[in-house]
Amino acid sequence: MEWMILPLKRYADFQGRSRRMEYWMFTLLTAIVFGVLIFGFGLSSIILTPETLLLTPTAILGLGLSGLFALALAIPSIAVQVRRFHDQDLSGWFVLLNLIPYLGGLVVLVFMLLPGKKGPNRFGPDPKEHGVASFG
């Protein structure tokens, strides 16, 4: 659980490096919460008829809460991606690849799957080495 909330503790920290574990556990937490908010709370209350789409108050609440959750997690999501790029000794500006339609997200996904550079680099010490704090 610590890996899941570590990016929230480092909310707007764009310095240093982050391990793949930190990134993917945070992504898993985000997916679980979105799943609960959208599917369990919101979409289950939508009534579809051939003529209209009716949003019940529960659906509106679920979709509204998921929108607020997305806004709240925008900065830590970008920050943890920047730190993952730093772990590979790349500039954090590579996050802007996400803005390229279709292909950009796929390229960033591949980068998030790649291991970080072993040993220290220009962005800090290797977070996998023993004795290095997880916030460094």
Applying side chain to side chain contact (heavy atoms under 4.5 Å, CB included) to Ala12 and not counting sequence neighbours gives Phe14, Ile75
Item to check | Polar side-chain atom of Trp3 near backbone of Trp24 as donor-acceptor pair, under 3.5 Å | outcome: no
ILVMFWY cluster, Leu103 and Leu99 together (side-chain gap under 4.5 Å): no
Is it possible for you to say whether Val82 and Val110 belong to one hydrophobic cluster, with membership spreading through side-chain heavy-atom contacts below 4.5 Å?
no
Residue pairs passing the side-chain hydrogen bond (donor to acceptor under 3.5 Å, both in side chains) test with at least one member in residues 98-109, sequence neighbours excluded, are Gln81-Asn98
*asked:* Assigning hydrophobic clusters by single linkage (Ile, Leu, Val, Met, Phe, Trp, Tyr; side-chain heavy-atom cutoff under 4.5 Å), is Leu109 placed with Ile78?
replied: yes
To the nearest 0.5 Å, atom CD of Glu2 lies from atom CE of Met21 at 12.5 Å
Here the gap from Leu29 atom CG to Leu6 atom CG, rounded to the nearest 0.5 Å, amounts to 12.0 Å
Apart from Leu68 itself, members of its ILVMFWY cluster (side-chain separation under 4.5 Å) are none
Closest heavy-atom pair, Arg20 versus Met112, reported as atoms and distance to 0.1 Å, is CG-O, 3.7 Å
Checklist entry - Does the side chain of Ile5 reach to within under 4.5 Å of the side chain of Phe26, using non-hydrogen atoms? => result no
Side chain to side chain donor-acceptor pair (under 3.5 Å) filter on Asn121, not counting sequence neighbours, yields none
dist Leu8:CG -> Leu73:CG (nearest 0.5 Å) comes out at 6.0 Å
So ring-ring contact (aromatic ring centres under 6.0 Å, His included) across residues 55-76, not counting sequence neighbours, yields Phe34-Phe69
Residue pairs meeting salt bridge (charged side-chain N to carboxylate O under 4.0 Å, His left out), one or both in residues 91-100, sequence neighbours left out, come to none
Closest non-hydrogen contact found for Ser18 with Arg10 is OG-NH1, 3.5 Å
Residues pairing under salt bridge (charged side-chain N to carboxylate O under 4.0 Å, His left out) where one sits in residues 70-83, two or more places apart or in two chains, turn out to be Glu22-Arg83
Looking only at heavy atoms, the pair that brings Ala72 and Tyr11 closest together is O-OH, 3.0 Å
Side-chain polar contacts of residues 87-97 - donor-acceptor pairs under 3.5 angstrom, sequence neighbours left out - could you list them?
residue : atom : partner : partner atom : Å
Asp87   : OD1  : Arg17   : NE           : 2.8
Asp87   : OD1  : Arg17   : NH2          : 2.9
Asp87   : OD2  : Arg84   : NH1          : 2.8
Gln88   : NE2  : Phe111  : O            : 2.4
Gln88   : NE2  : Leu114  : O            : 3.4
Asp89   : OD1  : Arg122  : NE           : 3.1
Asp89   : OD2  : Lys117  : NZ           : 3.4
Ser91   : OG   : Trp93   : N            : 3.1

